[in-house]
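Hydrogens, waters and symmetry mates play no part in the numbers below; they use all other heavy atoms, side chains included.
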Amino acid sequence: MHLQLDEKLKTRITGVTFGMVTIHGVTVRESDERLWKQVEILSQRLTSEFSLDRLSENEQIAAVRGLQKSFGFDPTRYRPSSESLLRRVLKGQGLYQINTAVDVNNLCSLEFLLPMCSYDLRNVKGRVRVRIGEPGEEYPGIGRQVFQAENKVIIADDSGIMGTTVSDSERTKVSTETTDILLAIYAPANMDPRMIERYATLAGQRMVEFNGGQACDISALTVTI
């Protein structure tokens with residue numbers, strides 16, 4: 001599965017790189033003790049490295065906030081998913097344990113400090129592309145909160161919106177019934193695309209490690225003007 005980029009993005013975004021990987025034949029479970037231990041170890045490390053009141057001083061976090069703004073979201077109201085995860089950790093709230101695929105996604109997002117999303121390919125219809133939301137367009141995010149997508153940068157298939165940097169859609173979310181996954185990473189323009197491709201490779205490897213299957217179609221696609 002490959003991602004297509006709408007030409008209109010070039011007039012909207014100064015630069016962004018999308019890391020992509022597809023994982024086929026996975027067996028998603030409710031939990032994995034070894035995986036969750038990795039989440040806890042990373043959370044402890046980040047707690048020692050970051051403080052809530054100084055997050056904006058981190059160059060990458062600031063760049064992701066800038067990316068979020070260019071996507072049409074107020075980054076103080078709609079946090080990038082990676083920053084939302086980090087804030088939970090720094091507040092001592094910990095991450096939600098969802099399933100072994102979503103937990104891998106969140107582990108990688110927290111480690112890379114980049115928004116990431118995972119989609120159940122069984123529910124993805126037709127071509128997948130990054131585009132700008134049409135007037136009046138909206139979608140139910142995970143947990144059923146409805147997000148307004150007009151003039152926002154979104155990932156969509158032929159049936160509608162799959163998600164944003166804020167939340168994936170309820171329709172394409174990954175569950176224990178999922179067998180094939182499309183994973184996407186959003187990265188600011190100042191990051192080396194080769195690094196984003198390495199991140200996509202690592203995320204795919206971790207998906208396979210904890211869910212089985214096989215990773216393929218690893219790529220990094222860049223939009224610049």
Side-chain angles (χ1 to χ4, degrees), residues 1-24 26 64 66-73 75 78 80-82 101-102 105 108-109 112 114-142 145-175 178-189 191 193-197 199-201 203-204 207 215-225:
M1 176 67 68
H2 294 284
L3 188 69
Q4 299 179 17
L5 305 178
D6 194 302
E7 282 295 316
K8 293 180 181 178
L9 294 173
K10 293 183 178 181
T11 64
R12 170 70 175 271
I13 302 171
T14 57
V16 59
T17 297
F18 298 93
M20 307 295 299
V21 58
T22 303
I23 309 97
H24 291 293
V26 300
V64 171
L67 181 66
Q68 184 81 338
K69 188 173 182 180
S70 74
F71 277 19
F73 294 99
Y78 295 104
S81 55
S82 50
V102 175
N105 183 99
C108 292
S109 181
F112 307 156
L114 294 172
M116 291 177 53
C117 47
S118 295
Y119 303 111
D120 185 338
L121 281 173
R122 171 188 54 182
N123 298 319
V124 174
K125 308 302 179 184
R127 61 178 180 169
V128 178
R129 59 197 178 108
V130 180
R131 62 174 176 82
I132 298 173
E134 301 292 341
E137 200 168 15
E138 60 183 25
Y139 74 101
I142 295 175
Q145 178 181 353
V146 176
F147 290 93
Q148 304 302 315
E150 181 176 344
N151 206 34
K152 307 289 196 301
V153 174
I154 59 173
I155 289 184
D157 63 5
D158 290 349
S159 293
I161 300 172
M162 296 164 56
T164 65
T165 51
V166 176
S167 173
D168 295 338
S169 74
E170 187 73 25
R171 174 175 64 89
T172 55
K173 73 177 182 181
V174 172
S175 71
T178 299
T179 57
D180 301 288
I181 294 171
L182 174 65
L183 184 149
I185 303 171
Y186 300 80
M191 297 189 70
R194 293 171 296 183
M195 177 179 291
I196 306 310
E197 188 167 342
Y199 282 166
T201 299
M207 280 290 184
C216 61
D217 297 334
I218 299 169
S219 63
L221 304 176
T222 300
V223 175
T224 58
I225 62 172

dist I218:CD1 -> Y199:OH (nearest 0.5 Å) comes out at 15.5 Å

Please check this pair: side chain of R129 against backbone of D157, looking for a donor-acceptor N/O pair closer than 3.5 Å. no

Would K152 pass as a cation-pi partner of F71, given that its NZ or CZ must be under 6.0 Å from the six-membered ring centre and within 45 degrees of the axis? no

Is the shortest heavy-atom distance from the side chain of D6 to the side chain of I132 under 4.5 Å? no

If you measure from CG on D168 to CD1 on I155, what distance do you get to the nearest 0.5 Å? 8.0 Å

From E197 CD over to M20 CE, what is the distance, rounded to the nearest 0.5 angstrom? 12.5 Å

Output for pair (S118 OG, I23 CD1), nearest 0.5 Å, gives 6.5 Å

Does the side chain of V146 reach to within under 4.5 Å of the side chain of Y139, using non-hydrogen atoms? no

So V124 and M162, do their side chains get closer than 4.5 Å, heavy atoms only? yes

Atom CZ of R131 and atom CG of L5: how far apart are they, to the nearest 0.5 Å? 13.5 Å

Drop me the distance from R122's CZ to S175's OG, to the nearest 0.5 angstrom. 5.5 Å

Does a side chain donor of either T17 or T222 reach within less than 3.5 Å of an acceptor in the other side chain? yes

Close side-chain approach of I196 and L114, heavy atoms under 4.5 Å: yes

Do you know the tightest heavy-atom contact between V174 and A101? CG1-CB, 3.6 Å

Any donor-acceptor N/O pair, R171 side chain to G160 backbone, under 3.5 Å: yes

Provide the closest heavy-atom pair for S167 versus F147 in the form atom of the first, atom of the second, distance. CB-CE1, 3.6 Å

Any chance you could lay out the side-chain contact (heavy atoms from CB on, under 4.5 Å) test for N105 and M207, step after step, and finish with the verdict? CA-CA 8 Å; N105 183 99; M207 280 290 184; 4.3 Å; yes

Could you tell me if the side chain of V64 sits less than 4.5 Å from the side chain of P115, heavy atoms only? yes

Would you tell me whether D120 and T172 have side-chain atoms, one donor and one acceptor, within less than 3.5 Å of each other? no

Show, in sequence, the C-alpha distance, side-chain angles and deciding distance for E137 and I154, and conclude whether the side-chain contact (heavy atoms from CB on, under 4.5 Å) test is met. CA-CA 11 Å; E137 200 168 15; I154 59 173; 4.1 Å; yes

Side chain E150, main chain G136, donor-acceptor under 3.5 Å: yes

Can you give me every donor-acceptor pair (side chain of residues 179-189, partner residue at least two apart or in another chain, under 3.5 Å) with its distance?
unit_1	atom_1	unit_2	atom_2	d
D180	OD1	H24	ND1	2.8
D180	OD1	G25	N	3.2

Shortest non-hydrogen contact from P193 to A220? O-CB, 3.6 Å

Does S82 reach the main-chain N or O of S109 with its side chain, forming a donor-acceptor pair under 3.5 Å? no

Would you name the heavy atoms of A215 and V21 that are closest together and state the gap between them? CB-CG2, 4.0 Å

Is any side-chain heavy atom of D158 closer than 4.5 Å to one of R127? yes

Counterpart residues, ring pair (Phe, Tyr, Trp, His ring centres under 6.0 Å), relative to Y119 (two or more places apart): none

Between Y78 and T165, do the side chains contain an N or O donor and an N or O acceptor separated by less than 3.5 Å? no

